[in-house]
Undergrad: 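After the structure tokens below, expect a handful of questions from me.
These numbers were taken from a predicted model, which means no experiment stands behind them. Just so we're on the same page: letters track the sequence lines, and every chain starts at 1.
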Protein chains: 2
Amino acid sequence: MKPTDAELEILQVLWENGPSSVRVVNDTLNESREVGYTTTLKLLQIMHDKGLVSRNTESRSHIYTAQVSQENVQKDLLNKFLDLAFQGSASKLVMQLLGNERTSPSELDEIKAIIQEIENKQS
Amino acid sequence: MKPTDAELEILQVLWENGPSSVRVVNDTLNESREVGYTTTLKLLQIMHDKGLVSRNTESRSHIYTAQVSQENVQKDLLNKFLDLAFQGSASKLVMQLLGNERTSPSELDEIKAIIQEIENKQS
DNA sequence: TTGTATCTACGAAGCATTTCGTATTAATAC
DNA sequence: GTATTAATACGAAATGCTTCGTAGATACAA
């Protein structure tokens, strides 16, 4: 339940595309960076061993499916990152995040909406 | 400017304690987990080679000082993490963060204040 | 049926990170 | 001065992750 960086990249593809062959995953990865076919294959096999993906071997080209949800993985990674880099302080993290110029006004609006929602739930 | 996990742990100590000897850093690390003295020493030497820390060798026990600011490192790590795990979407990250039960009401208040501040600046 | 393309399996190399053991040097105490 | 303690230097083992090469099997086309 804690994928490595390369594994996470592959999971992103599977979450986005749904169940996919090695060929499709590898082609998708190659849109952003060069990766060898057998590298992707090997990683998917490792991920299968770890239980991160399942696979259907009926046809010659196996079809892989993510066995962990994007939400759970993100939650896991975020908690680890929060502890490691921000000593568990969510507000410090948000401060860095929003202090960056990278956050657009529309994202800021979305974030405000999220906070609204949480407060509504709590009251 | 992108420390490994073990290096980050050490930087946290230096940011917190200020310039410190290997002994102090190692003792501090050992409060949370077991680390050998020479392990900490070696890491500090590597970090020195990388320019992450400087050191004063006047006395026999060298004194190490962080050469990167907590803010810059956090910003760097956060941006990488944001891209890798949340495809660059700050709002998705915040949604995960605040959806977790781990965020206390007081932290929520702080975050609201941060957003207020940013909006004030922008207008 | 022979060649070509495409797939899986798998071992192992290549790297980066972490950890530790050993040698050496310097300070301190007796 | 000698023994003990505590520091640095540094090589190298251990580990984990990523990448690739090669072998073998299967489909398909000429």
Undergrad: I need the B/Ile114 CD1 to B/Gln116 CD distance, nearest 0.5 Å.
TA: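 So the gap between those two atoms works out to 11.5 Å.
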Undergrad: Atom CG of B/Leu52 and atom P of C/dT18: how far apart are they, to the nearest Å?
TA: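 So the CG-P distance, B/Leu52 to C/dT18, works out to 12 Å.
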Undergrad: Send over the distance from B/Lys2 NZ to C/dA16 P, rounded to a whole Å.
TA: 10 Å
Undergrad: Under 4.0 Å from OP1 or OP2 of C/dT6: is there any side-chain N or O of A/Ser61 that close?
TA: no
Undergrad: Within this structure, what is the OG1-CG distance for the pair B/Thr28 and B/Asn17, rounded to the nearest 0.5 Å?
TA: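 Interatomic distance, B/Thr28 OG1 to B/Asn17 CG, rounded to 0.5 Å: 5.0 Å.
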Undergrad: Please verify the inter-ring angle class for B/His48 with B/Tyr64; under 30° counts as parallel, over 60° as perpendicular, anything in between as tilted.
TA: perpendicular
Undergrad: So, does B/Arg60 get its side chain near the phosphate of D/dT5, meaning an N or O under 4.0 Å from OP1 or OP2?
TA: no
Undergrad: If only side-chain N and O atoms of B/Arg55 are considered, is one of them under 4.0 Å from the OP1 or OP2 phosphate oxygen of D/dA7?
TA: no
Undergrad: For B/Ser20 and B/Gly18, indicate whether the former's side chain and the latter's backbone hold a donor-acceptor pair under 3.5 Å.
TA: yes
Undergrad: If I take atom OH in residue A/Tyr64 and atom C1' in nucleotide C/dC7, what distance separates them, rounded to the nearest angstrom?
TA: 11 Å
Undergrad: Using a 4.0 Å cut-off on heavy atoms, which residues in residues 23-49 of chain B reach DNA chain C? List them by number, or say none.
TA: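 Per residue number, the list reads B/Arg33, B/Gly36, B/Thr38, B/Thr39, B/Lys42, B/Ile46.
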Undergrad: If we check side-chain contact (heavy atoms from CB on, under 4.5 Å) with A/Val13, which of these qualifies: A/Thr40, A/Leu29, A/Asp27?
TA: A/Leu29
Undergrad: Where do A/Val68 and A/Asp76 land on the side-chain contact (heavy atoms from CB on, under 4.5 Å) test, with the steps shown first?
TA: CA-CA 11 Å; A/Val68 288; A/Asp76 237 55; over 6 Å; no
